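Working notes for the structure below.
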Amino acid sequence: HRDLHSFPTRRSSDLIIVNTGMFILGVVIQCTATTSAGHNSILGGRFVVGMGVGSLSMIVPMYVAECAPPELRGLLVGLQQLAIEFGILVSFWIDYGCNYIGGTGKSQSDAAWLVPLALQLAPALILLVGMIFMPFTPRWLIHHGHEEDARKTLAKLRGLNVNDEIIELEFLEIKAQSMFEKRTVEHNFPHLAELTPANIIKLQFVAIGSLFKTMPMFRRVIVSTVTM
């Protein structure tokens with residue numbers, strides 16, 4: 001159930017599609033470097049690709065976590081990170097092999113760098129098309145009042161009947177968390193309680209600011225930054 005009136009609010013599946021499209025656009029821009037644009041296309045395309053990949057690296061784990069069963073959540077998010085590392089390994093070997101197309105000197109063909117760039121389109125297109133058929137997360141549906149759709153989505157994701165006790169238990173857990181978050185916002189920021197696009201953006205900045213208000217949170221930020 002995808003009603004357009006709530007489009008401006010945060011939906012992981014839609015954001016994945018948008019940022020995958022941004023990544024594809026960046027790759028296409030880079031591939032036009034064979035024209036008169038030259039290295040400017042590479043620089044501009046890398047910027048666009050970086051915006052898409054950077055956003056996806058945050059959104060995809062969140063989407064996976066919100067769709068995964070609680071007992072497999074950590075495993076699947078970790079597997080997603082492992083897939084990234086494996087993809088980097090494969091890309092290095094592709095770059096190494098393509099480097100020899102036409103030789104390594106002045107005779108080297110443009111295909112030596114065009115092929116690795118263009119190959120990025122394949123997994124991106126698979127992700128783009130695949131996400132069109134993926135559901136909104138149960139958490140998003142509950143948070144925005146689509147409770148029946150949330151139950152159906154949970155049942156489909158778990159392979160169980162919509163009236164199963166396990167589905168009802170997980171549904172109530174998610175709903176309780178959603179209610180707690182909404183009441184916390186209403187109590188601390190009553191002027192931002194309504195889920196409008198502007199308020200959602202403001203709440204993001206409030207959340208970012210909270211990372212620096214207490215020393216324990218600040219230490220977490222430093223540890224995470226240094227670790228990365």
Side-chain angles (χ1 to χ4, degrees), residues 1-23 52-84 87 123-124 126-186 192-193 195-197 199-208 210-211 220 224 228:
H1 180 66
R2 296 184 173 223
D3 49 344
L4 296 178
H5 73 274
S6 53
F7 177 78
T9 56
R10 186 178 65 185
R11 302 193 298 194
S12 301
S13 53
D14 284 343
L15 289 175
I16 292 174
I17 293 173
V18 170
N19 284 285
T20 303
M22 184 183 300
F23 173 84
V53 170
S55 299
L56 288 170
S57 66
M58 176 191 69
I59 301 165
V60 170
M62 181 174 67
Y63 182 82
V64 171
E66 291 186 2
C67 287
E71 64 274 14
L72 295 178
R73 194 165 292 151
L75 175 64
L76 292 178
V77 172
L79 186 62
Q80 186 256 347
Q81 184 62 38
L82 179 63
I84 292 175
I126 292 173
L127 177 61
L128 180 69
V129 174
M131 285 306 303
I132 295 174
F133 302 97
M134 293 299 291
F136 297 151
T137 68
R139 173 182 169 79
W140 185 94
L141 291 168
I142 290 173
H143 203 67
H144 291 82
H146 305 296
E147 295 189 0
E148 287 307 309
D149 290 328
R151 279 194 174 90
K152 292 176 183 177
T153 299
L154 267 176
K156 186 176 181 180
L157 289 172
R158 305 295 179 260
L160 298 171
N161 187 282
V162 71
N163 296 318
D164 192 285
E165 184 179 351
I166 295 176
I167 298 300
E168 185 64 19
L169 178 62
E170 188 172 354
F171 170 83
L172 291 175
E173 288 176 349
I174 298 172
K175 184 175 180 179
Q177 179 65 28
S178 174
M179 291 174 64
F180 173 77
E181 292 177 1
K182 287 180 178 179
R183 289 178 181 178
T184 301
V185 171
E186 289 175 1
L192 300 177
L195 288 177
T196 64
N199 285 349
I200 290 173
I201 293 173
K202 291 176 183 178
L203 283 171
Q204 303 307 310
F205 284 101
V206 169
I208 294 171
S210 67
L211 298 175
R220 291 183 182 183
S224 301
M228 289 297 293

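These numbers were taken from a predicted model, which means no experiment stands behind them.
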Worked check of side chain to side chain contact (heavy atoms under 4.5 Å, CB included) between T196 and N199 | CA-CA 5 Å; T196 64; N199 285 349; 3.2 Å; yes
Test side chain to side chain donor-acceptor pair (under 3.5 Å) applied to E148 - qualifying residues, sequence neighbours left out |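 For E148, the residues satisfying side chain to side chain donor-acceptor pair (under 3.5 Å) (neighbours in sequence not counted) are R151.
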Provide the closest heavy-atom pair for [X] versus [Y] in the form atom of the first, atom of the second, distance.
{"X": "A150", "Y": "F171", "answer": "CB-CE1, 4.2 Å"}
{"X": "L192", "Y": "V185", "answer": "O-CG1, 3.9 Å"}
{"X": "L128", "Y": "G21", "answer": "CD1-N, 4.4 Å"}
{"X": "H143", "Y": "S178", "answer": "ND1-OG, 2.7 Å"}
{"X": "P61", "Y": "V77", "answer": "O-CG2, 4.0 Å"}
{"X": "L127", "Y": "T20", "answer": "CD2-OG1, 3.4 Å"}

Any chance you could lay out the side chain to side chain contact (heavy atoms under 4.5 Å, CB included) test for D14 and F136, step after step, and finish with the verdict?
-> CA-CA 8 Å; D14 284 343; F136 297 151; 4.1 Å; yes
At what distance, to the nearest 0.5 angstrom, does [atom1] of [X] lie from [atom2] of [Y]?
{"X": "L75", "Y": "L82", "atom1": "CG", "atom2": "CG", "value": "10.0 Å"}
{"X": "L56", "Y": "I17", "atom1": "CG", "atom2": "CD1", "value": "11.0 Å"}
{"X": "M131", "Y": "I59", "atom1": "CE", "atom2": "CD1", "value": "10.0 Å"}
{"X": "M179", "Y": "I174", "atom1": "CE", "atom2": "CD1", "value": "14.0 Å"}
{"X": "I132", "Y": "I16", "atom1": "CD1", "atom2": "CD1", "value": "12.5 Å"}
{"X": "L79", "Y": "I84", "atom1": "CG", "atom2": "CD1", "value": "10.5 Å"}

[X]: partners by salt bridge (Lys or Arg N to Asp or Glu O under 4.0 Å), with sequence neighbours left out:
{"X": "E181", "answer": "R139"}
{"X": "K175", "answer": "E147"}
{"X": "E186", "answer": "none"}

Verify the neighbour count for atom CG of L211: are there more than 12 heavy atoms of other residues, nucleotides or ligands below 6.0 Å?
->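 Count over threshold, so yes.
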More than 12 heavy atoms of other residues, nucleotides or ligands under 6.0 Å from CZ of R73: is that the case?
->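 Enclosed: over 12 neighbouring heavy atoms sit under 6.0 Å from CZ of R73.
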Can you check whether T137 reaches S13 side chain to side chain, under 4.5 Å on heavy atoms?
->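 No, too far: nothing below the 4.5 Å cut-off.
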S224: side chain to side chain contact (heavy atoms under 4.5 Å, CB included) partners, not counting sequence neighbours =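 In terms of side chain to side chain contact (heavy atoms under 4.5 Å, CB included), with neighbours along the sequence ignored, S224 is linked to no residue.
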Intermediate values then yes/no, side chain to side chain contact (heavy atoms under 4.5 Å, CB included), W140 and H146 = CA-CA 8 Å; W140 185 94; H146 305 296; 3.9 Å; yes
Give every residue pair that meets the side-chain hydrogen bond (donor to acceptor under 3.5 Å, both in side chains) criterion with at least one member in residues 152-166, sequence neighbours excluded.
->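 Qualifying pairs: R158-E170.
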